[in-house]
*Asks:* 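Attaching a single structure in structure tokens format; questions to follow.
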Amino acid sequence: MVLPLTLELRYADGTTETRQLPVEMWYLGSRFTYRLAAAQQVVSVVVDPQRIYPDVERGNNRWGR
């Protein structure tokens, strides 16, 4: 089952932003790189921050510095 992807981005200044990636990204293969042009440095990313999608391993949904 393919679903769209929600990302929560946290920037160095403490602000956050939510981005929605379309379901079509999964048609490009099993790996996808999302490139973001931002004035601030991204310090953390959370996949599915509202925890609404089925996921057997939520421990790998967070990246941070």
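In this text, all values refer to a predicted model and were calculated from it rather than measured experimentally.
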*Asks:* Sequence neighbours left out, what passes salt bridge (Lys or Arg N to Asp or Glu O under 4.0 Å) with R19? Give chain and number order.
*Replies:*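 Here the qualifying residues are E17.
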*Asks:* Looking only at heavy atoms, which two atoms of L21 and F32 are closest? And how far apart?
*Replies:*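 For L21 and F32, the tightest heavy-atom pair comes out as CD1-CE2, 4.3 Å.
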*Asks:* Between W63 and V42, is there a side-chain heavy-atom distance shorter than 4.5 Å?
*Replies:*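 V42 vs W63: side chains touch.
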*Asks:* Could you give me the CA-CA distance, side-chain angles and deciding distance for T18 and E8, then say whether side-chain hydrogen bond (donor to acceptor under 3.5 Å, both in side chains) is met?
*Replies:* CA-CA 4 Å; T18 302; E8 180 183 84; 5.0 Å; no
*Asks:* Are L5 and Y34 connected in the hydrophobic side-chain network, where two residues link if heavy atoms are under 4.5 Å apart?
*Replies:*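 Linked, L5 and Y34 end up in one cluster.
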*Asks:* For a 4.5 angstrom cut-off between non-hydrogen side-chain atoms, does L7 reach V47?
*Replies:*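 They are in contact (side-chain heavy atoms under 4.5 Å apart), so the answer is yes.
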*Asks:* Distance from N61 atom CG to D55 atom CG, nearest 0.5 Å?
*Replies:*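 So the CG of N61 and the CG of D55 are separated by 4.5 Å.
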*Asks:* Could you report the tightest heavy-atom contact between L3 and P54, atom names first, then the distance?
*Replies:*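 Nearest pair, atom of L3 first, then P54: CD1-CD, 4.1 Å.
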*Asks:* Kindly state each residue pair satisfying side chain to side chain donor-acceptor pair (under 3.5 Å) with at least one member in residues 38-53, sequence neighbours excluded.
*Replies:*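 Of all non-adjacent pairs touching residues 38-53, those that pass side chain to side chain donor-acceptor pair (under 3.5 Å) are D48-R58.
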*Asks:* Rounded to the nearest 0.5 Å, how far does OG1 of T33 lie from CG of L28?
*Replies:*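 The OG1 atom of T33 is 10.5 Å from CG of L28, to the nearest 0.5 Å.
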*Asks:* Out of the candidates T15, T16, V46, V45, only one should pair with R10 under the side-chain contact (heavy atoms from CB on, under 4.5 Å) rule; please name it.
*Replies:*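 Among the candidates, only T16 passes.
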